[in-house]
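Report on one structure; see the data block that follows.
A note on names: the letters A, B, ... follow the listed sequences, proteins ahead of strands, and every chain is numbered from 1. Since the structure is predicted, the reported quantities are computational estimates derived from the model, not experimental observations.
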There are 2 protein chains.
Amino acid sequence: MITIKDIAEMAQVSKGTVSRVINGTPGVGDETRKRILKIIKELDFEPNASAQGLAAKRTNNIGLIIPHTGKYSLANNYWPIILTEITQQAALRDYNVLISTARSEDDVNSAYKSILKGRRVDGLIIGGYQFGEKQVAELMLKEFPYVFIGRNSYISSYYVDVNGVAGTRSMTEHLVHLGHKEIAVLAGPENFINIQERLQGFKDAMNQAGLRPHHIYHCKYHMEEIVKGTKRILQQKPRPTALFAVAEDLAVGVLKAVNEMGLRIPEDLAVTFFDDLPFFECFHPTITAIRQPVEEIGSTVSNLLFTLLEGKTPVHRNVILPTEIIVRESCGSTLPQGSKAKS
Amino acid sequence: MITIKDIAEMAQVSKGTVSRVINGTPGVGDETRKRILKIIKELDFEPNASAQGLAAKRTNNIGLIIPHTGKYSLANNYWPIILTEITQQAALRDYNVLISTARSEDDVNSAYKSILKGRRVDGLIIGGYQFGEKQVAELMLKEFPYVFIGRNSYISSYYVDVNGVAGTRSMTEHLVHLGHKEIAVLAGPENFINIQERLQGFKDAMNQAGLRPHHIYHCKYHMEEIVKGTKRILQQKPRPTALFAVAEDLAVGVLKAVNEMGLRIPEDLAVTFFDDLPFFECFHPTITAIRQPVEEIGSTVSNLLFTLLEGKTPVHRNVILPTEIIVRESCGSTLPQGSKAKS
DNA sequence: TTGAAAGCGCTAACAT
DNA sequence: ATGTTAGCGCTTTCAA
């Protein structure tokens with residue numbers, strides 16, 4: 001295996017000079033730099049990352065911790081896009097991405113230990129809300145660079161989030177505007193902060209419209225439970241005229257249940273979701289939904305972290321991105337199909 | 001920051017002994033080992049990965065290279081599940097996963113250089129077929145552990161793949177059995193080996209049935225192109241009675257086009273896909289598809305790599321996994337809905 | 001069973 | 001502008 005020592009010998013210079021060239025440190029003659037660069041290129045030399053890491057206390061890796069929600073937390077329309085965005089932003093800056101999907105609550109700590117205490121990364125992007133308080137406190141204390149995706153309640157941290165309250169509020173207003181009074185909401189687990197937030201927007205809008213937001217149901221992200229839950233909601237008398245499911249992981253189960261009950265959308269029931277999925281566009285009827293700017297979340301969170309890694313102070317500690325209502329056919333909207341409304 | 005030197009001093013032993021305990025190396029007194037372990041636990045010590053990597057020439061990281069196909073190669077039902085599986089298998093063995101989504105053909109090399117030549121990983125899982133020949137040759141030459149997901153044509157490597165030929169063959173037979181004679185196939189880019197393979201199965205089955213497999217069309221994984229392509233196929237006279245799309249990335253576009261043309265499935269047209277997607281189950285009608293054992297691909301490829309990393313020789317160099325036909329409603333099957341047929 | 005010591009390949013401070 | 005050198009925190013050989 002080839003090292004900077006070899007390069008140094010071939011270029012008739014010291015290791016230090018080679019190191020300077022590799023790191024772009026000023027203070028090397030133009031002529032010398034060119035000579036060394038040429039040799040590096042010829043030999044296709046790449047410095048040993050462990051050695052660099054040890055000496056410079058810098059790994060050029062960032063870590064990404066993805067929360068455990070359902071069976072495949074990654075297998076939806078959210079994390080894959082964010083991950084893609086992050087790896088691309090990282091690649092642009094010569095960083096690599098170490099990924100860790102926490103498999104359970106307990107696992108968060110093991111992921112954290114190995115990645116962080118083992119100094120495998122220079123900074124951390126933490127997805128989701130259920131990351132341990134103790135760990136966050138430790139990150140803060142050690143001034144380790146980290147950014148959250150999703151608001152984080154306990155400690156004032158850097159984070160990027162979406163305005164879930166406004167999103168559900170305007171969707172609810174949309175439904176009310178269409179004449180719905182009995183609107184049922186199916187939501188994910190009660191203890192998720194983002195779910196609570198989304199529900200708040202629903203309640204606000206309902207109260208403001210003088211309607212009672214009493215049809216709220218929770219269920220885990222588990223297919224059978226979702227199907228059962230949906231059916232139970234729709235078997236009530238009188239049946240709600242609209243169903244608003246506020247998490248993308250509910251989509252397939254909800255639509256399956258509606259199908260199985262033989263209800264027609266939107267004639268018998270208006271249906272809409274928080275999170276827009278690709279297949280909503282090919283569904284019959286096409287599905288109205290709230291779209292999050294997923295790519296933007298990914299790039300924003302990357303930019304925040306890399307600003308931190310450069311030792312700079314980001315202009316904003318927190319970035320709240322807006323959602324967008326994509327009006328399609330599933331609510332029987334009278335608006336022209338495909339029209340959008342910012343919120 | 002705390003190091004093994006600190007631990008050694010506290011335990012009144014040498015660094016070497018602490019190192020032995022950390023690595024589970026035999027030759028340490030039972031009493032001593034316990035004492036050291038206790039201190040490590042109390043201080044929540046985790047050895048510095050860079051130092052370990054440098055000294056032991058082992059990083060405890062594996063790399064995953066995901067190919068560039070569409071806009072978000074990751075955002076489908078395949079890679080996220082495989083990635084989840086790999087990270088879990090890795091975590092079980094105290095390995096971390098470094099991910100690299102090659103953004104383009106050229107990018108493969110930069111990902112490769114940084115990850116591999118920088119010695120950031122001990123082994124590599126390479127997804128897709130378009131990885132550079134030169135790089136593979138180098139991996140082989142240096143006896144660097146690597147495993148492919150998907151057959152790899154040029155060099156005899158370890159790989160895990162799915163029997164695409166058999167999958168499309170039996171789906172085609174299924175369609176023929178249902179009475180279809182004019183079956184159109186929409187496929188991904190012509191130069192992908194997996195696509196070629198799938199087409200082979202189609203041709204085989206058609207020939208065997210005495211039918212002509214002339215309705216084969218290719219298109220890139222780009223929404224508009226897919227919609228246009230599908231419409232063009234379905235505007236031919238006489239219109240094919242069945243449409244078989246052989247890549248999951250085509251699904252939304254194909255269904256959208258069919259919808260827009262006002263064709264009824266399965267009355268006017270039978271539709272089916274290579275790759276089963278979650279939403280096929282809630283679509284109206286539910287969609288018949290070929291299912292790949294995605295989880296199993298992920299776990300098998302992990303096991304292969306970790307066997308290699310342990311210095312052992314895997315029993316099989318290659319694993320070919322079977323696909324499964326999930327019969328639902330979209331082909332107007334007379335078979336009971338939800339029945340399965342192995343292939 | 002344990003300790004001592006020599007490196008692993010690099011960076012960075014200090015000399016020149 | 002360049003060389004010299006002392007580590008970075010660990011593993012591993014060799015001695016004891």
Side-chain angles (χ1 to χ4, degrees), chain A residues 1-37 39-40 43-61 94 113-122 311, chain B residues 1-37 39-40 43-61 94 113-122 311:
Chain A
M1 197 197 154
I2 162 167
T3 73
I4 56 168
K5 198 180 154 206
D6 303 322
I7 308 285
E9 280 167 8
M10 299 186 69
Q12 313 262 45
V13 293
S14 72
K15 292 191 308 177
T17 303
V18 176
S19 175
R20 282 178 204 115
V21 170
I22 289 172
N23 294 292
T25 316
V28 180
D30 227 42
E31 154 68 24
T32 322
R33 163 163 273 124
K34 267 183 201 151
R35 195 169 74 245
I36 295 177
L37 244 22
I39 298 179
I40 289 180
L43 299 186
D44 203 17
F45 167 74
E46 189 82 11
N48 180 305
S50 295
Q52 281 187 312
L54 183 56
K57 300 177 186 323
R58 203 169 39 65
T59 63
N60 267 54
N61 291 153
D94 274 315
K113 265 194 81 166
S114 161
I115 280 194
L116 200 123
K117 306 212 73 176
R119 304 239 161 244
R120 289 175 188 277
V121 300
D122 300 334
Chain B
M1 199 198 152
I2 161 168
T3 72
I4 57 167
K5 197 180 154 208
D6 303 320
I7 307 284
E9 279 166 9
M10 300 187 67
Q12 313 262 42
V13 293
S14 71
K15 293 191 307 178
T17 303
V18 176
S19 174
R20 281 176 204 117
V21 170
I22 289 172
N23 294 292
T25 315
V28 180
D30 227 42
E31 155 66 24
T32 322
R33 163 163 274 126
K34 267 182 200 152
R35 195 169 76 244
I36 296 176
L37 243 23
I39 298 179
I40 289 180
L43 298 187
D44 203 20
F45 167 74
E46 190 82 11
N48 180 306
S50 294
Q52 281 188 311
L54 182 55
K57 300 177 185 323
R58 200 168 40 63
T59 62
N60 268 53
N61 291 153
D94 275 314
K113 264 196 83 168
S114 161
I115 281 194
L116 201 124
K117 306 213 74 176
R119 303 239 161 246
R120 290 174 188 278
V121 300
D122 301 334

Interatomic distance where CG belongs to A:Leu54 and C1' belongs to D:dT11 [whole Å] = 12 Å

What is the nucleic acid contact for A:Gly29, judged by heavy atoms within less than 4.0 Å: base, sugar-phosphate only, or nothing?
-> sugar-phosphate

Residue-phosphate contact under 4.0 Å: A:Ser14 side-chain N/O, D:dT4 OP1/OP2 = no

A:Arg33 versus A:Arg20, closest heavy-atom pair with distance | NH2-O, 3.8 Å

Using heavy atoms to find the nearest nucleotide of DNA chain C for B:Val28 and B:Lys57 separately, return the residue whose nucleotide is more 5′.
-> B:Val28

Base, sugar-phosphate, or nothing: which does B:Val18 touch, judged by heavy atoms less than 4.0 Å apart?
-> nothing

Side-chain N or O of A:Gln52 closer than 4.0 Å to phosphate OP1/OP2 of C:dG9 | no

Checking all strands, does B:Ser19 fall into the base, sugar-phosphate, or nothing category for heavy-atom contacts under 4.0 angstrom?
-> base

Given atom CD1 of A:Ile4 and atom C1' of D:dT2, what is their separation to the nearest angstrom?
-> 14 Å

Compare every heavy atom of B:Ile22 with every heavy atom of B:Gln52, then report the nearest pair and how far apart it is.
-> NE2-CG2, 4.1 Å

Between atom NZ in A:Lys5 and atom P in D:dT5, what is the gap in whole Å?
-> 14 Å

Report the distance from atom OG1 of A:Thr3 to atom CG of A:Asn48, rounding to the nearest 0.5 Å.
-> 9.5 Å

Residue closer to the 5' end of DNA chain C, A:Lys15 versus B:Asp30 (nearest nucleotide) | B:Asp30

To the nearest Å, give me how far apart CZ (A:Arg120) and P (D:dC10) are.
-> 12 Å

Exercise: identify the closest heavy-atom pair between A:Asn60 and A:Asp94 | ND2-O, 2.9 Å

Check whether any side-chain N or O of A:Ser50 sits under 4.0 Å from OP1 or OP2 of C:dG9, and answer yes or no.
-> no

Rounded to the nearest Å, what distance is computed from the CG atom of residue A:Asn48 to the C1' atom of nucleotide D:dC8?
-> 13 Å

To the nearest Å, how far apart are A:Arg58 CZ and C:dT11 P?
-> 8 Å

Would you kindly give the CG-to-P distance between B:Asn60 and D:dC10, to the nearest whole Å?
-> 14 Å

From CG (B:Asp6) to NZ (B:Lys15), nearest 0.5 Å | 11.0 Å

Whole Å only: how far is the CG atom of A:Asp122 from the P atom of D:dC8?
-> 19 Å

Using a cut-off of 4.0 Å on non-hydrogen atoms, how would the nucleic acid contact of B:Gln12 be classed: base, sugar-phosphate, or nothing?
-> sugar-phosphate

Between C:dG9, D:dG3, C:dG3, which one does the side chain of B:Val13 approach most closely?
-> C:dG3

Is any side-chain N or O of B:Arg20 under 3.5 Å from a base N or O of D:dT13, one able to act as donor and the other as acceptor?
-> yes

Check whether any side-chain N or O of B:Thr32 sits under 4.0 Å from OP1 or OP2 of C:dT2, and answer yes or no.
-> yes

